[in-house]
Amino acid sequence: MKTQVVIVGAGPTGATLALLLVKQGIAVKLIEASRNFHRVFRGEGLMPSGLDALEQMGLLPMLERIPHRSLDAWEFLILNRLLFRVDEPMSVGGKPTTLVSQPAFLEALIEEARTYPNFEFVQSVAVQDLVWRDERVCGVKLSDERSISADLVIGADGRNSIVRQRANLAIEQQSQTFNILWFKLPDSQLFESENVFYLILNGDRAFSLFRGSEGNIQVGWTLHDTSAKWKQIDWSKMFASVSPTGLAEYFRQNAEAIERPVLLSVVVGCCPRWYVPGLLLLGDAAHPMSPIRAQGINMALRDVIVAANHLVPVLHASKYTGIDAALSQIQAEREPEIVRVQELQKEELTQGQLLIKSTLLQSIVSQLAPLIGKRIRQSWLKRQHLLRQGVTKVKLTVE
Ligand SMILES: Cc1cc2nc3c(=O)[nH]c(=O)nc-3n(C[C@H](O)[C@H](O)[C@H](O)COP(=O)(O)OP(=O)(O)OC[C@H]3O[C@@H](n4cnc5c(N)ncnc54)[C@H](O)[C@@H]3O)c2cc1C
């Protein structure tokens, strides 16, 4: 009998791993709680490291069939003045950061996996618990009372992972936890000529704005306090008051179209241990990522490559000792990159917070922008290298 793998969660981690494994002839059941992939919010930014992971998996042509668009540039504005701009791609011959419609991407992955008879997609039902035998995980219990047996369970159920909780794998949470309000607004001619990712700082107000893969304008507003005061804010007035003229006009014109935002609580951390016998955590379930510089999907895709390299041979061999030994090797290979990337994200956050906390510093930087912008740009670019290319070498060895 074939080794049975159960993957919990069909986000970027679960769906890509399922496809890689079924292509290798391994039996996979992928369980997804939500009814469709158009949940309120899914990140879209793929860095060159994530695009490279997709290329290695043979999945880049898939992007051509789904909504995606590359970024043309990044612009940093302080007190309505341009501090610096960086064009994409940032290296000669490199890939530009690309926004990819995540619902369409996940649907395409599942569609392809369905063409393999050893794949089963169990949708609209949540995993509630794990099944254990002799201190080894041997399956999952679903919310509809069903149980599914497995030789290996992969927890790819995101940052609030129930699999992680049921396996008693605690997470060490970092202090870079904050909240973001996410808005989707109508497209405008203003963004037609080029797709710029704006980072805007004005006093204690900080937000980012870009044109998403499906053509709407996405705004991520950083919330400093945990109260619900934001619900009373007139957002078109607020956005317009902290934006340069062209953007301010856009917000005023679209005042009616600004709907209530989605509140996203950012959790950042890493599990000291990603596995127990019979179970492995991957992606955000093992190491929830901050949205800073769009790292989470990229790290998830790189986790998947390393996991496939280690798992495919032992899953074919079908011996529990081999499978369980591979789990610690996967963590050992992936953890150094995750730790480093989370440190780099924290450095980015600390730089931003330093400016947010001091309006005096903002005003000095803004006034001196023509003089010091170039130097700040250089030092920002230097920090981006690892965040764009990845820290360790990740190469898919199973074809
Ligand atoms: C505001 C914000 C913006 C972000 N922007 C970006 C970005 O632009 N680029 C980037 O690379 N990263 C971004 N990230 C991070 C990124 O979203 C995550 O790192 C990435 O989605 C992790 O993928 P995953 O598959 O591990 O988990 P998820 O994407 O969270 O997927 C988990 C899946 O599991 C399902 N699930 C959950 N519980 C159960 C259960 N009990 N049973 C069955 N299914 C279950 C969920 O429905 C979901 O489909 C952002 C994060 C935030 C908070």
Side-chain angles (χ1 to χ4, degrees), residues 6-18 29-51 53-54 71 97-103 105-107 109-110 121-130 140-144 148 153-166 176-183 197 207-208 210 212-213 218-223 261-268 281-304 307 338 341-342 345 387-388:
V6 164
I7 300 179
V8 185
T13 310
T16 45
L17 183 62
K29 287 185 181 164
L30 176 62
I31 304 169
E32 170 55 45
S34 57
R35 230 173 319 134
N36 62 54
F37 292 115
H38 295 269
R39 73 173 185 200
V40 207
F41 172 81
R42 290 187 186 261
E44 313 210 303
L46 280 179
M47 288 287 165
S49 67
L51 295 167
L54 290 182
L71 276 185
T97 303
T98 301
L99 306 164
V100 177
S101 161
Q102 213 191 111
F105 178 55
L106 297 175
E107 273 161 12
L109 288 168
I110 304 291
F121 188 39
V122 184
Q123 198 168 14
S124 311
V125 54
V127 165
Q128 278 193 332
D129 211 344
L130 299 171
V140 292
K141 280 186 197 150
L142 306 184
S143 52
D144 62 6
I148 300 184
V153 172
I154 309 269
D157 50 340
R159 57 190 200 273
N160 300 315
S161 171
I162 195 90
V163 172
R164 183 177 71 217
Q165 291 167 36
R166 297 291 185 259
Q176 35 174 333
T177 304
F178 53 98
N179 290 335
I180 289 183
L181 290 177
W182 207 268
F183 299 80
F197 191 105
F207 67 105
S208 57
F210 61 96
S213 63
Q218 304 204 11
V219 179
W221 180 273
T222 313
L223 270 187
V262 183
L263 176 65
L264 298 160
S265 47
V266 175
V267 179
V268 184
L281 301 176
L282 285 179
D284 267 19
H287 49 75
M289 303 297 292
S290 151
I292 292 171
R293 299 297 161 270
Q295 293 296 304
I297 303 169
N298 306 273
M299 290 302 114
L301 296 174
R302 288 161 71 81
D303 281 4
V304 165
I338 300 301
V341 164
Q342 289 186 339
Q345 288 184 304
L387 288 168
R388 291 175 69 83

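Start at 1 and go down the list; that is how both ligands and their atoms are numbered. Because the structure is a prediction, the values reported are computed rather than measured.
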Going by the atom numbers of ligand 1, which of them fall below 4.0 Å from some non-hydrogen atom of [X]?
X: A156; result: 32 (C), 33 (C), 34 (O)
X: I162; result: 41 (N)
X: G283; result: 26 (O)
X: D284; result: 18 (C), 19 (O), 22 (C), 26 (O)
X: Q295; result: 10 (C), 11 (O)
X: I31; result: 43 (C), 44 (N)
X: T13; result: 23 (O), 24 (P), 25 (O), 26 (O)
X: L264; result: 1 (C)

Spacing of [atom1] belonging to [X] relative to [atom2] belonging to [Y], to within rounding of 0.5 Å:
X: L30; Y: L109; atom1: CG; atom2: CG; value: 10.0 Å
X: F210; Y: Q218; atom1: CZ; atom2: CD; value: 4.0 Å
X: Q295; Y: R388; atom1: CD; atom2: CZ; value: 10.0 Å
X: L263; Y: I180; atom1: CG; atom2: CD1; value: 10.0 Å

Shortest non-hydrogen separation from [X] to [Y] and the atoms involved:
X: P288; Y: R159; answer: CB-CB, 3.6 Å
X: A307; Y: L17; answer: CB-CD1, 4.4 Å
X: M289; Y: V341; answer: CE-CG1, 3.7 Å
X: T13; Y: G283; answer: OG1-CA, 3.5 Å
X: Q102; Y: I297; answer: NE2-CD1, 3.4 Å
X: Q128; Y: I162; answer: O-CG1, 4.1 Å

Is the shortest N/O to N/O distance between [X] and ligand 1 below 3.5 Å?
X: I297; result: yes
X: W182; result: no
X: G296; result: yes
X: I180; result: no
X: P12; result: yes
X: E32; result: yes

Could you pull out, from [options], the option with a heavy atom nearest to [atom]?
atom: atom 9 (N) of ligand 1; options: A300, G220, P291, G45; result: G45
atom: atom 5 (N) of ligand 1; options: A15, P288, G43; result: G43
atom: atom 53 (C) of ligand 1; options: V125, D129, V266, L142; result: V266

Considering only heavy atoms, does [X] approach ligand 1 within less than 4.0 Å through its side chain, its backbone, both, or neither?
X: N298; value: both
X: E44; value: backbone
X: V8; value: side chain

message: Within the 3.5 Å criterion, strictly below it, is a donor on E44 or S213 matched to an acceptor on the partner's side chain?
response: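 Yes, because at least one side-chain N or O of E44 sits under 3.5 Å from a partner of the opposite role on S213.
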- request: Give a yes-or-no answer on whether the side chains of S161 and R166 include a donor-acceptor pair shorter than 3.5 Å.
  value: no
